[in-house]
Enquirer: 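There's a structure below that I have some questions on.
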Amino acid sequence: MKELVEVIAKSLVDHPDEVIVTETENEKAIVVELRVAQTDMGKVIGKQGRIAKAIRSVVKAAASKAEKKVIVEIVQ
């Protein structure tokens, strides 16, 4: 999941070298944290959060094969 989020985020932002994705796993879910440059935050979130929602939907679909819940957090 980490690689998927990283590829999507790097294709959206102006500063792909500043994209940092971390993945932690607990018994309930996999938590993927996405950090981007402050100037790219709007591009990752989108108007009314549409892009962020789309990223979460794609990751959720990819995670359905693993039968594990995945939470994508966009961190400042």
Side-chain angles (χ1 to χ4, degrees):
M1 295 307 132
K2 177 181 175 181
E3 295 83 14
L4 177 62
V5 173
E6 192 170 352
V7 168
I8 293 170
K10 283 186 178 184
S11 67
L12 292 171
V13 299
D14 289 333
H15 306 287
D17 53 320
E18 295 186 36
V19 172
I20 300 169
V21 181
T22 57
E23 183 177 86
T24 56
E25 187 171 349
N26 58 29
E27 65 277 350
K28 293 182 182 178
I30 299 170
V31 179
V32 180
E33 288 187 351
L34 171 62
R35 296 178 194 273
V36 296
Q38 189 67 33
T39 57
D40 291 329
M41 192 62 74
K43 292 179 180 165
V44 173
I45 295 173
K47 287 187 179 181
Q48 298 179 348
R50 288 187 181 142
I51 295 175
K53 191 174 185 179
I55 292 171
R56 290 182 177 114
S57 296
V58 169
V59 172
K60 185 176 179 181
S64 66
K65 291 183 180 179
E67 296 180 5
K68 193 83 169 170
K69 184 176 179 184
V70 177
I71 301 168
V72 178
E73 294 180 353
I74 300 170
V75 183
Q76 288 190 14

Enquirer: Could you tell me which non-hydrogen atom of V44 sits nearest to which non-hydrogen atom of I51, and how far apart they are?
Expert: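 The answer is O-CG2, 3.3 Å.
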Enquirer: Does E3 reach the side chain of M1, with side-chain heavy atoms less than 4.5 Å apart?
Expert: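 No, every pair of side-chain atoms sits at 4.5 Å or beyond.
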Enquirer: With side chains defined as the heavy atoms from C-beta onward, is the minimum distance between V32 and V21 less than 4.5 Å?
Expert: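 The answer is yes, as the side chains (C-beta and beyond) meet within the 4.5 Å cut-off.
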Enquirer: For the pair V13 and V19, evaluate side-chain contact (heavy atoms from CB on, under 4.5 Å) and give the outcome as yes or no after the intermediate values.
Expert: CA-CA 8 Å; V13 299; V19 172; 3.7 Å; yes
Enquirer: Can you get from I55 to I71 by hopping between Ile, Leu, Val, Met, Phe, Trp and Tyr side chains that sit under 4.5 Å apart?
Expert: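 Per the 4.5 Å side-chain linkage, I55 and I71 are not co-clustered.
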Enquirer: So which pairs with a foot in residues 12-31 pass side chain to side chain donor-acceptor pair (under 3.5 Å), sequence neighbours left out?
Expert: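 Matches after skipping sequence neighbours: D14-K43.
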Enquirer: Please report the shortest heavy-atom distance between M41 and V75, naming the atom on each side.
Expert: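 It is CE-O, 3.7 Å.
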Enquirer: In sequence, state the C-alpha distance, the side-chain angles, and the governing distance for V5 and V59, and then conclude on side-chain contact (heavy atoms from CB on, under 4.5 Å).
Expert: CA-CA 7 Å; V5 173; V59 172; 3.6 Å; yes
Enquirer: State whether E6 and K10 are salt-bridged, where the test is any N-O pair (Lys NZ or Arg NE/NH1/NH2 against Asp/Glu carboxylate O) under 4.0 Å.
Expert: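 Answer for the salt bridge query: yes.
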Enquirer: Could I get the full list of side chain to side chain contact (heavy atoms under 4.5 Å, CB included) partners for V58, not counting sequence neighbours?
Expert: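 Side chain to side chain contact (heavy atoms under 4.5 Å, CB included) list for V58, sorted by chain: L4, I8.
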Enquirer: Between E73 and V31, is there a side-chain heavy-atom distance shorter than 4.5 Å?
Expert: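 Touching, per the 4.5 Å side-chain cut-off.
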Enquirer: According to a 4.5 Å side-chain heavy-atom criterion applied to Ile, Leu, Val, Met, Phe, Trp and Tyr, with indirect links allowed, do V36 and L12 form part of one hydrophobic cluster?
Expert: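 Same cluster.
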Enquirer: With salt bridge (Lys or Arg N to Asp or Glu O under 4.0 Å) as the rule and sequence neighbours excluded, what pairs involving residues 47-62 come up?
Expert: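 For residues 47-62: none.
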